[in-house]
Protein chains: 2
Amino acid sequence: MAVNLDDVDWAIIHQLQQEARISLSELGRRVNLSPSATTERVRQLEAQGVIIGYHAAVDLTQVGYPVLAIVRLKYPGNRHQPLRQLLDERREILECLRTTGDDCYTLKVAATSMGHLETLVDELAAFGSTTTSVVYNQTLSYRGPGRP
Amino acid sequence: MAVNLDDVDWAIIHQLQQEARISLSELGRRVNLSPSATTERVRQLEAQGVIIGYHAAVDLTQVGYPVLAIVRLKYPGNRHQPLRQLLDERREILECLRTTGDDCYTLKVAATSMGHLETLVDELAAFGSTTTSVVYNQTLSYRGPGRP
DNA sequence: GGTGAAAAGGTGCTGAT
DNA sequence: ATCAGCACCTTTTCACC
């Protein structure tokens with residue numbers, strides 16, 4: 001389900017991945033398009049579901065979550081509803097990927113302290129065996145995919 | 001290094017995490033603040049390093065990367081320079097976390113095909129032994145942390 | 001932090017290429 | 001599909017309370 005994207009589309013995507021809050025006029029200047037054409041392009045990209053949102057990124061430490069961890073979860077059975085519910089309740093779980101392999105889920109979790117992390121892991125352990133790795137640092141600053 | 005954030009700050013963060021492209025006036029309306037006060041708050045949050053950026057999110061499949069995988073890397077030794085270089089070159093590597101535990105690095109990788117993924121894993125395997133899990137689906141839509 | 005003004009800039013039309 | 005020009009409106013910014 002891929003869409004054909006030309007150079008201009010990619011230029012727009014590239015700019016908005018880096019600075020999502022620039023105006024459409026400024027965006028047009030950067031990709032050499034008039035404001036109206038830029039508006040149309042962005043509307044198209046949004047309508048096609050290529051661009052699916054614009055998000056502010058925050059420093060987790062600054063907002064009170066100095067501990068970041070990856071928890072892998074071995075989840076026996078196929079009743080996923082209870083886990084879904086925990087994901088809804090626990091905003092500390094930032095990301096949840098269902099994967100192939102022994103560990104069915106890989107979660108990214110933000111915690112206020114090691115004690116808090118322990119609590120979260122305990123809650124997850126109710127679903128299956130967990131493997132937790134604390135993150136030293138985010139080696140890469142945010143970026144999206146480039147042109148294939 | 002945490003900053004004191006009040007309810008209004010959190011309301012602003014919450015809104016911008018969901019819709020980063022709204023105007024400062026609209027933001028002010030949503031958090032019951034005047035436009036000027038809103039502008040000042042956002043400026044502060046940016047200056048303090050609480051908000052560190054605004055990014056457009058794209059549908060990886062739509063832009064030509066239908067394969068998403070998590071690669072864990074066991075990296076012997078401490079010469080991290082060569083890996084850094086690969087991270088710079090390969091925009092397919094979306095995220096790289098250095099962690100405690102046996103697997104020193106956990107990477108999130110986007111690929112155009114399984115063949116492409118194989119190439120990427122081979123490149124990473126030059127640094128150490130790898131464990132690759134292909135992602136079935138992203139169980140959670142994007143969200144940031146909530147108030148602690 | 002709020003309010004009011006002025007200025008700037010962005011947006012959204014139109015018709016034409 | 002894009003552009004240019006224009007009218008309209010919003011947003012921003014500054015003064016001051």
Side-chain angles (χ1 to χ4, degrees), chain A residues 1-59 62-64 142-148, chain B residues 1-65 142 144-148:
Chain A
M1 278 299 182
V3 165
N4 268 0
L5 302 172
D6 63 17
D7 302 83
V8 179
D9 289 321
W10 272 105
I12 289 173
I13 290 168
H14 187 69
Q15 289 297 325
L16 290 179
Q17 278 176 340
Q18 296 183 66
E19 289 186 70
R21 271 182 70 78
I22 58 174
S23 71
L24 294 171
S25 311
E26 172 61 23
L27 179 58
R29 256 169 251 132
R30 298 192 189 181
V31 303
N32 299 315
L33 229 58
S34 70
S36 48
T38 309
T39 306
E40 185 55 24
R41 290 273 192 156
V42 173
R43 273 171 37 82
Q44 283 283 328
L45 290 171
E46 291 170 351
Q48 289 174 309
V50 175
I51 293 176
I52 53 185
Y54 305 94
H55 308 290
V58 301
D59 184 305
Q62 295 259 35
V63 298
Y142 177 90
R143 66 182 185 193
R147 190 167 188 179
Chain B
M1 277 302 183
V3 165
N4 268 2
L5 302 171
D6 64 16
D7 302 81
V8 179
D9 289 321
W10 272 105
I12 289 173
I13 290 169
H14 187 69
Q15 289 297 326
L16 290 178
Q17 278 176 341
Q18 294 184 66
E19 290 187 67
R21 270 182 72 79
I22 58 174
S23 71
L24 294 172
S25 312
E26 173 60 24
L27 180 58
R29 256 169 250 134
R30 299 191 189 182
V31 303
N32 299 313
L33 227 59
S34 70
S36 49
T38 309
T39 307
E40 185 55 25
R41 289 271 192 161
V42 173
R43 274 170 38 80
Q44 282 283 327
L45 289 171
E46 291 170 352
Q48 291 174 131
V50 174
I51 294 175
I52 52 185
Y54 305 95
H55 308 290
V58 302
D59 184 304
L60 289 173
T61 300
Q62 295 258 35
V63 298
Y65 294 95
Y142 177 90
R147 189 167 189 180

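So that the names make sense, note that chain A is the first sequence line, chain B the second, and so on, each numbered from 1. Atom set for the values below is all heavy atoms of this structure, side chains included, hydrogens, waters and symmetry mates excluded.
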**Prompt:** So how far is it from Leu33(B) CG to Thr38(B) OG1, rounded to the nearest 0.5 Å?
**Reply:** 4.5 Å
**Prompt:** With a 4.0 Å cut-off on heavy atoms, is Arg41(A) in touch with a base, just the backbone sugar-phosphate, or nothing at all?
**Reply:** sugar-phosphate
**Asp9(A): which of Leu45(A), Ile51(A), Val42(A) passes side-chain contact (heavy atoms from CB on, under 4.5 Å)** = Leu45(A)
**Item:** Spacing between Asp6(A) atom CG and dT2(D) atom P, to the nearest angstrom
**Value:** 8 Å
**Request:** Would you indicate which nucleotide in dT11(D), dA4(D), dT2(D) comes nearest to any side-chain atom of Arg29(B)?
**Result:** dT11(D)
**Asked** Are any of the side-chain heavy atoms of Val58(A) and Leu16(B) separated by less than 4.5 Å?
**Response** no
**Message:** Test side chain to side chain contact (heavy atoms under 4.5 Å, CB included) on Ile22(B) and Tyr54(A); report intermediate values, then the result.
**Reply:** CA-CA 9 Å; Ile22(B) 58 174; Tyr54(A) 305 94; over 6 Å; no
**Prompt:** So how far is it from Gln17(B) CD to His14(B) NE2, rounded to the nearest 0.5 Å?
**Reply:** 7.5 Å
**Request:** Measure the distance from CD1 on Ile12(A) to C1' on dA1(D) and round it to the nearest whole Å.
**Result:** 13 Å
**Request:** Find the distance Asp7(A):CG to dT2(D):P and express it as a whole number of Å.
**Result:** 13 Å
**Message:** Between P on dT11(D) and CG on Leu33(B), what's the gap in Å once rounded to a whole number?
**Reply:** 15 Å
**Request:** Can you tell me which residue pairs pass the salt bridge (Lys or Arg N to Asp or Glu O under 4.0 Å) test with a partner in residues 46-55 of chain A, sequence neighbours excluded?
**Result:** none
**Fill in**
Here the residues of residues 14-25 of chain B within 4.0 Å heavy-atom distance, strictly under, of DNA chain D are Ser23(B), Leu24(B), Ser25(B)
**Message:** What's the closest nucleotide to the side chain of Ser36(B) if the choices are dT13(D), dC3(D), dG12(C)?
**Reply:** dT13(D)
**Asked** Between Glu26(A) (CD) and dT11(D) (P), how many Å, whole number?
**Response** 18 Å
